[in-house]
Amino acid sequence: MKINRLSQLKIFSAFFVAALSGGVACASDPGVTDTEIVIGLHAPLSGPLAAFGQDPLQAAKMWYEDVNRRGGIHGRKIRVIAEDDKCNANEVGALARKFVTVDKVFMINGGSCTASVVGAQEFVNREKVPFVMLNASGDPAVFPATRYVFGAFPGSQGAIGAGIMGFAVQGLKGKRIAYIAHNDEYGASNYGAAKAYADKAGAQIVAYERIALSITDVTAPMLNVRASNPDVIISAAYPAPAVLIAQKAAEYGMKQPLVQAIQGIPAPEVFAKNVGNNDALKNFYYSAPVNDLPDGPKQIKWLEMYKKAYPDRLVPSVFMVYGISSAMVVTTALEKAGKNLTRERFVDALETVKLDSGIMAAPFEFGKGRRDALRAQSIFKFDGVKSTLMPGFYTWDGSTTSPK
Amino acid sequence: MYGSVSLRQLFPLLALLLGGFFIPMFTNEYYLYLGNVLMMYAVLAIGLDILMGWAGQFAFAHTAFFGLGCYTTALLNIKFGIPFIVGMPIAALLAGAVGVLVAIPATRMRDIYLALATFAFAEGMFWVFNTWEPVTGGSTGLRIISSNVLGFKVSNDVTAFPVSMSLMCLMIAAAMYLSKSRLGREMSAIRDSEHVAMSCGIDVRRTKVIAFGISAIYAGVAGAMFTLAQSFASPEQFGFNTAILVLTMIVVGGMGTLPGVMIGVLILSMLPEVLRTTMRSFQIWQELVYGLILILSIMFMPRGIWGSISGHLKKRELPSKNAKSI
Amino acid sequence: MSSMALYQSIASGIVSGCVYALVALSVVLIFKASDVVNFAGGEFVMLGAYAGLGALTFLEVPYGLAYVIAALALFFIGATFNKVVLDSVLKRAKHGQRTLVAMVIATLGLSYVIKGGVRLFSFTEEVRRLPSAFSGPPIFIGPVVLQWQDIAIVSISLALMLALYIFFQKTLTGKVLRATSQNPRAAALIGIPVQLMQLYSWGLACAIAGVSGVLIGAKLPISPDFGGPIMLLAFAAAIIGGFTSLPGVVIGGILLGIIQNLVGITISSTAIAVTPFVVIMLVLVFRPQGLLGGRHRIKKV
């Protein structure tokens with residue numbers, strides 16, 4: 001039977017369109033070919049905050065290489081382009097544009113500093129490029145949630161604030177809480193969530209001391225805290241002031257429990273040595289997003305994996321595992337997005353992620369309006385020698401405003 | 001050297017201006033973004049040079065006016081819907097007014113005292129930007145929304161580029177006119193010797209205050225340009241690091257000369273990118289190398305890159321080469 | 001505000017003030033001797049602290065030797081910088097404005113070099129405090145509590161200030177140094193080896209910075225970025241007291257430390273951060289020579 005001209009044309013067009021759409025759908029997004037997925041990776045590798053970026057970035061690379069070794073994702077290997085962002089919003093903005101317009105990556109996985117990741121937020125949403133933070137808390141970039149920016153793997157500052165407040169109120173049965181935070185975006189974010197939690201739980205914040213990042217004399221804030229007569233003292237200070245606060249609390253004879261957020265105590269042994277007086281740590285706790293101590297049974301395998309990949313790195317920082325967390329979520333979502341990989345499918349897949357990483361206190365979870373991965377924190381009791389994991393995890397419900 | 005600005009001197013500016021409209025058609029957003037940031041720094045640096053290089057006042061309050069210009073332009077747009085074309089002049093004039101206010105006590109000071117007093121002011125403003133949360137967003141920062149410029153919306157690097165370019169060309173042209181004007185001459189006189197300037201009948205105090213004001217206006221304009229190039233403003237952008245960056249730009253490039261300042265801006269904007277790409281395996285050394293570059297440049301090129309280049313050019317014109325023919 | 005809080009604020013303020021004064025002493029010393037402001041002064045103190053910490057931790061020397069090592073190392077570094085960089089810069093820069101700017105850039109570059117250099121060691125990733133040289137249970141003076149290290153800081157800074165004051169006012173070398181800084185040409189004309197004098201003063205000042213570093217580092221946890229903020233407070237102390245007056249620097253520091261604490265307990269902790277800047281501006285506008293700066297000197301053209 002002869003197929004007439006018109007039918008021939010129709011059939012041919014149908015094939016053509018099918019072939020094109022099949023091909024186009026897989027090759028229409030930059031950074032994806034049949035054999036590879038290109039990811040732009042960035043973190044501070046130099047400058048004052050290099051310690052926050054080096055290990056997490058290397059850990060993420062390690063994870064991607066491991067995934068490649070196990071066969072890749074739907075037959076595609078991950079190729080990483082790693083850059084130094086110096087924790088600077090200008091740099092992150094420039095890198096985002098470079099990754100997208102010059103390197104033509106599929107997605108960006110980067111950022112260790114909250115202030116810097118905001119620099120890329122508008123651009124990636126405009127260009128519809130998925131952006132998954134590395135180990136930044138990134139509160140302003142995930143609240144309010146935007147479609148393409150995901151983050152807060154170590155917990156947002158909101159989660160941290162609510163976590164330590166939760167422990168103070170539920171775990172330590174505190175009703176009068178003194179809160180010390182810095183006057184930067186971290187302090188604003190963690191205090192906001194902590195206050196909302198306290199208000200909901202009926203506890204009162206009797207002192208709120210906002211201190212400068214580089215403060216060297218904490219006499220005045222601690223005198224104010226003492227005068228407010230709290231049940232529990234919470235500190236979200238960074239390492240140097242955290243030491244001074246613990247010291248002064250002991251000097252002024254304050255016997256109340258002191259709960260310190262993770263940002264001030266990256267290395268408990270060093271912290272104890274800096275404080276120099278284990279009596280000061282009789283009633284001392286700290287929060288961390290991880291589910292165990294770095295050399296505990298749940299964490300040791302990550303440490304060993306990292307040491308194998310980077311034998312020169314004698315003492316990896318505690319932030320190292322945050323990098324694995326981020327990369328793990330990325331590869332999980334890439335897997336979920338399927339063989340027909342597009343940016344939109346990847347973002348949709350990210351939204352459905354509910355992953356127990358085996359690293360953090362709770363599973364990572366995103367959602368239709370949720371872009372912060374972790375909302376739970378662990379609490380450890382530390383006496384200067386040993387850390388003990390306290391039972392229960394302290395979860396945040398996501399609210400930053402007090403109930404009316 | 002003094003007199004009026006010839007059309008020939010304005011020609012490169014016109015070329016740049018045209019480029020502002022055509023370049024975005026051929027370049028990707030990465031380079032356009034870098035360009036927008038660079039042009040903003042150019043205006044900022046020229047402003048600082050007017051105060052330091054021309055009038056010889058070692059004042060460090062520049063970043064305060066930069067921040068003031070940025071927050072004002074952004075907030076006028078966010079809170080009152082005032083478009084950029086109106087907001088920018090308002091911000092610039094406000095910055096200029098504050099600059100004059102600061103100048104009144106500051107012009108009584110010299111050298112290190114002037115530097116420290118103006119630096120204290122800049123840090124004080126930083127504290128205000130950081131603490132006045134209801135207005136500036138505080139440490140969490142301020143989300144900048146796209147603005148209208150003469151009808152079209154500036155919402156990305158492509159649309160921002162011609163606007164930034166036009167502003168930069170405008171400010172450069174203004175600087176050229178200023179340098180050839182009487183006021184420009186008065187500033188140079190003050191830089192070289194205040195006593196001599198006074199004896200020539202120049203009102204030293206008034207000229208200094210005007211220099212402060214003009215410099216602050218430039219910083220305000222640069223702050224407005226910030227809202228074109230970036231989508232987010234935070235107090236960090238207007239702090240100590242930026243002040244140092246702009247200072248090094250004009251000193252390394254060549255203080256007191258327009259070409260020098262432009263070279264300094266270009267080189268110091270490119271430097272992080274260059275360091276990043278050339279020092280891949282030695283990222284951690286970047287800071288040290290940056291410090292070394294500063295030290296070496298001030299040791300061997302004390303008048304900046306432009307100072308050295310023009311110094312060499314002058315040497316070549318000397319007749320000593322022809323001595324052989326004798 | 002209870003009287004307990006008031007006395008504690010004053011006592012701790014005195015200690016903090018002496019910390020600022022220690023940092024300022026080396027900067028003012030260089031300024032008095034060579035009319036140069038060392039913007040890397042804070043970094044030198046930080047380097048001294050790390051030198052001491054390194055000596056204590058890795059070489060396991062007795063504490064006294066740590067001070068010596070820090071002092072010697074920094075003497076050497078300061079003198080080298082003076083000889084290699086500053087001499088060359090000063091030769092090429094003209095008088096007045098150009099010199100100041102050149103100095104700022106040179107010492108600024110030095111601060112990055114020191115910071116970047118210190119950061120190369122992974123040991124410096126964590127903030128660390130030196131073990132206290134003078135340890136023991138805290139001292140209670142009435143309701144006020146202080147540490148032995150605090151007492152050491154106050155006494156040593158007062159002693160240093162006194163020693164330097166006597167040096168500059170009473171000894172021949174000190175007077176020669178002052179003359180050299182006020183008028184280098186005249187000094188050279190009468191045979192004073194100007195460059196050598198300035199070399200030694202840089203070395204001495206940096207050695208003092210080294211010792212200060214070991215002292216301060218035993219009280220405050222240090223990091224490579226420690227230098228910047230403390231330098232600012234040191235400047236504020238020097239301005240309050242009078243930039244060229246050594247006793248003034250100590251008094252200025254003590255006043256600043258006390259004022260900051262009083263602001264903190266009466267107004268808010270947030271206001272502490274802006275206090276030094278407000279104080280600097282007020283002093284420079286209303287009494288630029290500071291408390292003890294004598295009459296405001298107009299520089300000769």
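Proteins get letters first, then strands, A, B, ... in listed order; numbering begins at 1 in each. Keep in mind it's a predicted model, so treat the numbers as computed, not measured.
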Per-residue contact mode, C:E126 against chain A (heavy atom under 4.5 angstrom): side chain
Heavy-atom pairs under 4.5 Å with chain C, option from A:A250, A:A220, A:A50 with the top count: A:A220
C:R119 and A:P48, any side-chain heavy atoms less than 4.5 Å apart: yes
With a 4.5 angstrom heavy-atom cut-off, which part of A:V218 approaches chain C: side chain, backbone, both or neither? neither
Heavy-atom distances under 4.5 Å only: say whether C:S132 touches chain A with side chain, backbone, both or neither. neither
Between C:S269 and A:I215, is there a side-chain heavy-atom distance shorter than 4.5 Å? no
Which answer fits C:N261, side chain, backbone, both or neither, if we ask what part of it has an atom under 4.5 Å from a heavy atom of chain A? both
Quick check on A:K248: does its NZ atom have over 12 non-hydrogen neighbours (other residues, nucleotides or ligands) under 6.0 Å away? yes
Interchain contact, C:F123 with chain A, by part (heavy-atom threshold 4.5 Å): neither
With a 4.5 Å limit on heavy-atom distance, are the side chains of C:Q8 and A:L223 in contact? yes
Tell me, do C:V19 and A:T216 make a side-chain contact under 4.5 Å, heavy atoms counted? no
Taking all atoms of both residues into account, what is the closest heavy-atom pair of C:A273 and A:A212, and its distance? CB-CB, 3.9 Å
Side chain / backbone / both / neither for C:I230 at chain A, heavy atoms under 4.5 Å: side chain
Please classify the contact between C:S268 and chain A as side chain, backbone, both or neither, with a heavy-atom cut-off of under 4.5 Å. neither
Between A:Q247, A:Q54, A:K273, who has the most heavy-atom pairs with chain C when the cutoff is under 4.5 Å? A:Q247
Of the backbone (N, CA, C, O) and the side chain (C-beta and beyond), which part of A:A227 lies under 4.5 Å from a heavy atom of chain C, both, or neither? neither
Proximity breakdown for C:S223 and chain A, heavy-atom pairs closer than 4.5 Å: neither
With side chains defined as the heavy atoms from C-beta onward, is the minimum distance between C:L220 and A:L244 less than 4.5 Å? yes
